[in-house]
> 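I have a structure here, written as structure tokens, and I will follow up with some questions on it.
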Amino acid sequence: MSILSIENLCKNYGRVQALKGVSFSVAKGTVFGILGPNGSGKTTMLGIIMDILQPTSGTYKLFDEQPDETSRRKIGTFLETPNFYHYLSAQKNLEIAAALKERGANDIPRVLELVNLTQRKDSRFSTYSLGMKQRLAIASCLLGDPEVLILDEPTNGLDPVGIAEIRQLIKQLHQQGKTIIMASHLLDEVEKVCTHVAILKKGELVVTGDVNEILANEDIVEIGATDIQQLETIIGTLHGYSNKKIQDKMIQLFYPVGTTDVESINRHCFNNGITLNHLQLKKKSLEAKFFELTN
Ligand code: ADP
Ligand code: MG
């Protein structure tokens, strides 16, 4: 099942094209990072999904269906800045949040425990560190145990300890089976926390997929021929690749980034009597992708 699928989403703010036809989908149980530099359209996209903004064109589905109030209730988010009362305790603030959301009134001890604030639940919000405030915001999202969380730059402004705590919490929620969609401008963060990624650049999708695959510091060349066995034999005498894999009647050759020479692969096959019916350079490292996008 797909948790979210967006199709050709566009958003203009007057003349500014914040999203220029973005499509991707988020599978259940993933930690999905929307990665891009400031101004690439991440918050706009999340705002559309949560019905805070209207798209200019394009569509999206939640849980494979047209989005409505019921589907959005399965999503916890703090996109709209959480309004906590500074002079009230965490406990009291969560009681108010639960009342406003009309969910999770009985869930407060559980969410406090999850974000490790049980000991401090009766302290005033104003005495909290930034990291604790952010954890309380996540606790508020978790009220009523939604199966999906949408977080916009969840570690922004935190110190290293606060950052580590939030990342740990996200991983823990993932292990419990939650799907988490999070925007980030930090490659490092997506690398550490996310299982999947969509990279945005100036409102356009650069690439989407499994972080490990996109991250793999290797280029992959996929080749195919009518006689796949003969192709495999011939590849045995080709040099330069570090690994090979046969998949769906294709052979994937793995090369250290930047060492791939597609022409010489083609020539090698041709010289050995095989005409390729498929030849594709598939993936670059996330580092390289990110370099492309930020430069
Ligand atoms: P990100 O979250 O990736 O930093 P945003 O979605 O906030 O990106 O912004 C994408 C683009 O849209 C930017 O160029 C930004 O200046 C512009 N933008 C965002 N919100 C508004 C708005 N309310 N009015 C006009 N332009 C906006
Ligand atoms: Mg943003």
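Read the numbers this way: they start at 1 and go in the same order the structure lists the ligands and their atoms. Starting from 1, each residue takes its place in the sequence as its number. Heavy atoms only: backbone and side chains are in, while hydrogens, waters and symmetry mates are out.
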> Give me the residue, atom name and distance of the protein heavy atom closest to atom 1 (P) of ligand 1.
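I find the closest protein heavy atom is Gly39 N, 3.5 Å.
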> Can you tell whether the side chains of Asp107 and Arg110 come within less than 4.0 Å, N to carboxylate O?
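The answer is yes: the pair qualifies as a salt bridge.
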> Do Ser23 and Asn8 get their side chains close enough for a donor-acceptor pair, meaning under 3.5 Å?
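Side-chain D/A pair, Ser23 to Asn8: absent.
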> Looking at Glu147 and Lys28, is any side-chain nitrogen of the basic one under 4.0 Å from a carboxylate oxygen of the acidic one?
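Salt bridge flag = yes for Glu147 with Lys28.
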> Of the protein's non-hydrogen atoms, which lies at the shortest distance from atom 3 (O) of ligand 1, and what is that distance?
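Of every protein heavy atom, Lys42 NZ, 2.8 Å lies nearest to atom 3 (O) of ligand 1.
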> Tell me whether Pro37 reaches ligand 1 (any heavy atom closer than 4.0 angstrom to a ligand atom).
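Yes; Pro37 lies near enough to ligand 1 that a heavy-atom distance drops under 4.0 Å.
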> Without hydrogens or angle criteria, can the side chains of Ser140 and Lys101 be said to hold a donor-acceptor pair below 3.5 Å?
yes
> Ser40 heavy atoms, cut-off 4.0 Å: which ligand 1 atoms fall inside?
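Counting atoms of ligand 1 from 1, those under 4.0 Å from Ser40 are 1 (P), 3 (O), 8 (O).
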> For atom 20 (N) of ligand 1, what's the nearest protein heavy atom and its distance?
Tyr13 CZ, 3.3 Å
> Nearest protein heavy atom to atom 15 (C) of ligand 1: under 4.0 Å?
no
> Can you pull out the closest protein heavy atom to atom 7 (O) of ligand 1? Residue, atom name and distance to 0.1 Å, please.
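Here the nearest protein heavy atom works out to Thr43 CB, 3.8 Å.
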> Is the charged tip of Lys244 near the ring of Phe254: under 6.0 Å from the six-membered ring centre and within 45° of its axis?
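Negative - Lys244 is either too far from the ring of Phe254 or too far off its axis.
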> Under 3.5 Å between any N/O of Asn38 and any N/O of ligand 1: does that happen in this structure?
no
> Nearest non-hydrogen contact with atom 5 (P) of ligand 1 belongs to which option: Leu19, Ile48, Thr44?
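Comparing heavy atoms across Leu19, Ile48, Thr44, the nearest one to atom 5 (P) of ligand 1 lies in Thr44.
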> Give me each pair satisfying salt bridge (charged side-chain N to carboxylate O under 4.0 Å, His left out) with a member in residues 162-171, each pair once, sequence neighbours excluded.
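For residues 162-171: Arg135-Glu165, Arg167-Asp188, Arg167-Glu189.
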> Yes or no: does Gly41 have any heavy atom under 4.0 Å from an atom of ligand 1?
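Heavy atoms of Gly41 do come under 4.0 Å of ligand 1.
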> With the threshold set at 4.0 Å, does a side-chain nitrogen-carboxylate oxygen contact exist between Arg73 and Asp68?
no
> Got a sec: is Thr43 within less than 2.8 Å of the Mg ion (ligand 2) via an N/O/S atom?
yes
> Quick one: hydrophobic cluster around Tyr85, which other residues, with the 4.5 Å side-chain cut-off, linked directly or via members?
Tyr87, Leu88, Ile96, Leu100
> Geometry only, no angles: is Ala18 polar-contacting ligand 1 at N/O separations under 3.5 Å?
no
